[in-house]
Protein chains: 2
Amino acid sequence: MKLSAQEEYGLRCLLRLASAGEGQSLTIPEIGRAEALSIAYVAKLMRILRQGKFVKSVRGQTGGYTLARNPENIPIGEVLAALGGRLFEPGFCDQFSGLKRLCTHSVDCSIRSLWRAVQSAVDSVLGGITLRDLLQKESTMKMQLASRDRY
Amino acid sequence: MKLSAQEEYGLRCLLRLASAGEGQSLTIPEIGRAEALSIAYVAKLMRILRQGKFVKSVRGQTGGYTLARNPENIPIGEVLAALGGRLFEPGFCDQFSGLKRLCTHSVDCSIRSLWRAVQSAVDSVLGGITLRDLLQKESTMKMQLASRDRY
DNA sequence: ACCAATCTTGACTTTAAAGTACAGATTACT
DNA sequence: AGTAATCTGTACTTTAAAGTCAAGATTGGT
């Protein structure tokens, strides 16, 4: 259970854009310089973010990227799903069916419900957090998280 | 954020062994047949489980694997950490430092505390679950999970 | 002693993710 | 019009994970 590079770097790029300020736009080279990523790689990440409707792009000499919505309307859960998929998603059992066609996993599949429980814990953390929250300081965010009483 | 094949299949093999019953042993080919995995792959997985002290092996003609501890003393969180690492572990920032030596990630690194929050939510789900719980039926386990009131 | 069944280990091959390259399209500026 | 800066898309190369192979070591049965 690991975070993919795409999730980590993609989210960083988005946060960088958000921190540029309301309506401000950044170019791919600017983001790349700020995050120490290659231009080509940032381009790939921004494309995914654009397809997920998190950012808008403008072409041409004065082009660049801006947020497609206000930070408070960008749930981090959605961003991460676009960048790296979900832990437990439809087709999971087909993907891990071993050498057989169907998931032979017997034992009443307690494992599957374990994954669902984990996914749901992750969802309730991410579900309550938007890009706006990430823009605030670490301490502030921690307090917010601590105030949630259910997972 | 995905489950690795090693986590999924490794946990299945362990559960399979546990469901064989107290002190029962299974061979690699037996596990492979039951889980529809190749013998070589099961061998690789069992090795990891052995190194994590979750199972014990006996060599020779009547050899095989048994649980190294009682199911209630095998926390699923530990098993998954052995099979696939943790979401957020030491060295994380070195791993994702882009093209520079040090993690340039500024913005006060709100992202890092996000990962910590997610990791902690996952931990509290997994922390309360042992192999014994997985051996019980899905419905029973769900109830247990639902009764937890904090993540 | 020998054989057959097992686990053990490291190296290898295959496959998917990470990251790059390049040719094309769009726009502003002169 | 021409040029330079940008985004876009596909194809490519590199790297890490998934999965296999083969030779060796251990043990019980004959």
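In what follows, every chain begins at residue 1, and chains take the letters A, B, ... in the order their sequences are listed. All values derive from a computational prediction rather than experimental measurement.
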| query | Roughly how far apart are Ile76(A) CD1 and Leu131(A) CG, rounded to 0.5 Å? | reply |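 Reported to 0.5 Å precision, the distance equals 5.0 Å.
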
| said: Using OP1 and OP2 only, check whether a side-chain N or O of Thr27(A) sits under 4.0 Å from dA5(D). | reply: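 Result: no.
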
| task | Would you tell me if any nitrogen or oxygen in the side chain of Thr62(B) comes within less than 4.0 Å of OP1 or OP2 on dT6(C)? | result | no

| said: Would you say Leu135(B) ends up clustered with Trp115(A) if hydrophobic residues are merged whenever their side chains have heavy atoms under 4.5 Å apart, either directly or through other cluster members? | reply: yes

| Transitive ILVMFWY side-chain link Leu83(A) to Phe96(B), under 4.5 Å | yes

| note | Its contact letters, B for base, S for sugar-phosphate only and - for none at protein heavy atoms under 4.0 Å, make nucleotides 9-22 of chain D read SB-------BBBB-

Rounded interatomic separation in angstrom, taking [atom1] from [X] and [atom2] from [N]:
| X | N | atom1 | atom2 | result |
| --- | --- | --- | --- | --- |
| Lys56(B) | dT8(C) | NZ | C1' | 18 Å |
| Gln61(A) | dG2(D) | CD | P | 17 Å |
| Glu30(B) | dT6(C) | CD | P | 7 Å |
| Ile28(B) | dT9(C) | CD1 | P | 11 Å |
| Leu26(A) | dC7(D) | CG | C1' | 14 Å |

| said: According to side chain to side chain contact (heavy atoms under 4.5 Å, CB included), who are the partners of Glu78(A), at least two apart in sequence or on a separate chain? | reply: Phe54(A), Arg69(A), Pro75(A)

| field | Relative orientation of the end axes in the helix from dA1(C)-dT30(D) to dT30(C)-dA1(D), expressed as an angle to the nearest 10° (five pairs per end) | value |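 So the angle between the two local helix axes works out to 10°.
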
Table please: side-chain donor-acceptor pairs of residues 45-52 of chain B below 3.5 Å, with sequence neighbours left out.
none

| request: Return each pair, listed once, that meets ring-ring contact (aromatic ring centres under 6.0 Å, His included) where at least one residue sits in residues 62-89 of chain B; pairs must be two or more places apart or across chains. | output: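 Found Phe88(B)-Phe92(B).
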
| request: Mind listing the residues from residues 76-84 of chain B sitting with a heavy atom below 4.0 Å of DNA chain D? Number order is fine. | output: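 Going residue by residue through residues 76-84 of chain B, none turns out to have a heavy atom under 4.0 Å of DNA chain D.
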
